[in-house]
Peer 1: 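Shown below is the structure under consideration.
Because only heavy atoms are used, hydrogens play no part in the values below, and waters and symmetry mates are left out as well, while side chains stay in. In this text, all values refer to a predicted model and were calculated from it rather than measured experimentally.
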Amino acid sequence: MREEFDAILSRAHGASARGAFVEARIGSTRVALCRTGDGDANASRAAAALCEAVRPAALLGAGIAGALSTDLQVGDLVVSRRIRDSQADVAPPDAGLLAKALEATGATAATLLSVGGPLVAAEHKIALGSSLEGEGPAAGDMESAAWARAAASRGVPYLVVRSISERADEDLPEYLARCLGRDGGIRRSSVVLRALGRPGTIPALLEMRRRTRACAEDLADFLEAFLSAGAPS
């Protein structure tokens, strides 16, 4: 999202636009930054185009996620030990990148489950987390599996980092799940219209916005530390 991208771009040096992405340096590493948008279709299309255009040494996906495990708290940083969607696991993240992220940043290894829309009911989130086999915490998002497949299909090592923006036991406004556009992304105009019809939910939306901005800064901190620790150039 724009909030996530802007926070990361603020840590970049020598930024220069190159079509759909921005070339820059973060830490000691040359990077190409791309805002893929939310949802599987947007993420898949943009990540594939970036891999084809840049031929990167590695692909790092970054964004917010909702906790599926009750031991994850708002603001926690997790990196992908395993990624799956509703169908199956995707090719595993690069073990070297994962080890470096855990050592350099103190993030937690987790399972990331990509879903087709916002998870709004606490009961559903906790049930999804319990259904995942394997050790460690889990979080849900809408893009990680698409990023992973785009990278793996082109032989590009990858890793995904997520900042937790809501707990597993928190309910979100239920209409968020009905605010998806044809591309699978969340339509903010639809969220606003529905919120105006249910003004009691506006404080929750404002809190989500505040958390998104805080999580974006945490992601930027993570990338700055990770990309200063000898990640691929």
Peer 1: Would you say the side-chain atoms of S44 pair up with the backbone N or O of D40, donor to acceptor, closer than 3.5 Å?
Peer 2: no

Peer 1: For residues 198-206, tabulate all N or O donor-acceptor pairs below 3.5 Å that involve a side-chain atom, not counting sequence neighbours.
Peer 2:
from, atom 1, to, atom 2, distance (Å)
R198, NH1, E174, OE2, 2.5
T201, OG1, Y175, OH, 2.6
T201, OG1, R198, O, 2.8

Peer 1: Determine the minimum heavy-atom distance between G37 and N42, stating which atoms define it.
Peer 2: C-CB, 4.2 Å

Peer 1: Could you work out, with salt bridge (Lys or Arg N to Asp or Glu O under 4.0 Å) as the rule, every residue matching R18, not counting sequence neighbours?
Peer 2: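 With neighbours one apart ignored, the set is E23.
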
Peer 1: Is there a donor-acceptor contact under 3.5 Å from the side chain of K125 to the main chain of R167?
Peer 2: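 The answer is yes, because a donor-acceptor pair under 3.5 Å joins these two groups.
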
Peer 1: Does E217 have any side chain to side chain contact (heavy atoms under 4.5 Å, CB included) partners at least two apart in sequence or in another chain, and if so, which?
Peer 2: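 Counting only residues at least two positions away or on another chain, E217 forms a side chain to side chain contact (heavy atoms under 4.5 Å, CB included) with A7, R11.
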
Peer 1: Please report the closest heavy-atom contact between L77 and L219, naming both atoms and the distance.
Peer 2: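 For L77 and L219, the tightest heavy-atom pair comes out as CD2-CD2, 4.1 Å.
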
Peer 1: For R25, check salt bridge (Lys or Arg N to Asp or Glu O under 4.0 Å) against everything at least two apart and list the hits.
Peer 2: none

Peer 1: Locate the shortest heavy-atom distance separating P173 from V120; write the atom from each residue and the value.
Peer 2: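 It is O-CG1, 3.6 Å.
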
Peer 1: Under 4.5 Å between side-chain heavy atoms, counting indirect links through other Ile/Leu/Val/Met/Phe/Trp/Tyr residues: same cluster for L59 and V78 or not?
Peer 2: yes

Peer 1: Which residue pairs pass the side chain to side chain donor-acceptor pair (under 3.5 Å) test when at least one of the two sits in residues 69-78, sequence neighbours left out?
Peer 2: none

Peer 1: Return yes if some donor-acceptor pair links the side-chain N/O of D94 with the main-chain N/O of Y158 below 3.5 Å, else return no.
Peer 2: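 Checked: no pair found.
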
Peer 1: Is it true that atom CZ of R178 has more than 12 heavy atoms of other residues, nucleotides or ligands lying nearer than 6.0 Å?
Peer 2: yes

Peer 1: Go through the steps to decide whether L112 and R82 satisfy the test side-chain contact (heavy atoms from CB on, under 4.5 Å), and finish with yes or no.
Peer 2: CA-CA 6 Å; L112 299 179; R82 172 193 180 201; over 6 Å; no

Peer 1: Just by distance, do the side chain of S190 and the backbone of C179 share a donor-acceptor pair under 3.5 Å?
Peer 2: no

Peer 1: Quick one: list whatever passes side chain to side chain contact (heavy atoms under 4.5 Å, CB included) with A15, sequence neighbours left out.
Peer 2: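 Residues passing side chain to side chain contact (heavy atoms under 4.5 Å, CB included) with A15: L9, V22, A24.
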
Peer 1: Under a 3.5 Å distance rule, please check whether E4 uses its side chain to pair with a backbone N or O of A216 as donor and acceptor.
Peer 2: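 Pair absent, no side-chain N/O of E4 close to backbone of A216.
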
Peer 1: For residues 102-111, pull every pair meeting side chain to side chain donor-acceptor pair (under 3.5 Å), keeping only residues two or more places apart or in separate chains.
Peer 2: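 Not a single pair qualifies under side chain to side chain donor-acceptor pair (under 3.5 Å).
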
Peer 1: Just to verify, what does D141 make a salt bridge (Lys or Arg N to Asp or Glu O under 4.0 Å) with, not counting sequence neighbours?
Peer 2: R162

Peer 1: Run the side-chain donor-acceptor check on residues 145-154: report pairs under 3.5 Å with partners two or more places apart or on a different chain.
Peer 2:
from, atom 1, to, atom 2, distance (Å)
W147, NE1, T36, OG1, 3.4
R149, NH1, D85, OD2, 2.7
R149, NH2, D85, OD2, 3.1
S153, OG, R149, O, 2.9
S153, OG, A150, O, 3.2
R154, NE, E52, OE2, 2.8
R154, NH1, A150, O, 3.0

Peer 1: Which residues pass the salt bridge (Lys or Arg N to Asp or Glu O under 4.0 Å) test with R84, sequence neighbours left out?
Peer 2: D89

Peer 1: Test of understanding: with side chain to side chain contact (heavy atoms under 4.5 Å, CB included), list the residues that count as partners of V192, not counting sequence neighbours.
Peer 2: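 Partners of V192 under the side chain to side chain contact (heavy atoms under 4.5 Å, CB included) test: L196.
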
Peer 1: If the condition is side chain to side chain contact (heavy atoms under 4.5 Å, CB included), which residues does A101 pass it with, not counting sequence neighbours?
Peer 2: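 Applying side chain to side chain contact (heavy atoms under 4.5 Å, CB included) to A101 gives V79, L159, F222, F226.
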
Peer 1: So which of I164, L119, V115 actually passes side chain to side chain contact (heavy atoms under 4.5 Å, CB included) with L68?
Peer 2: L119

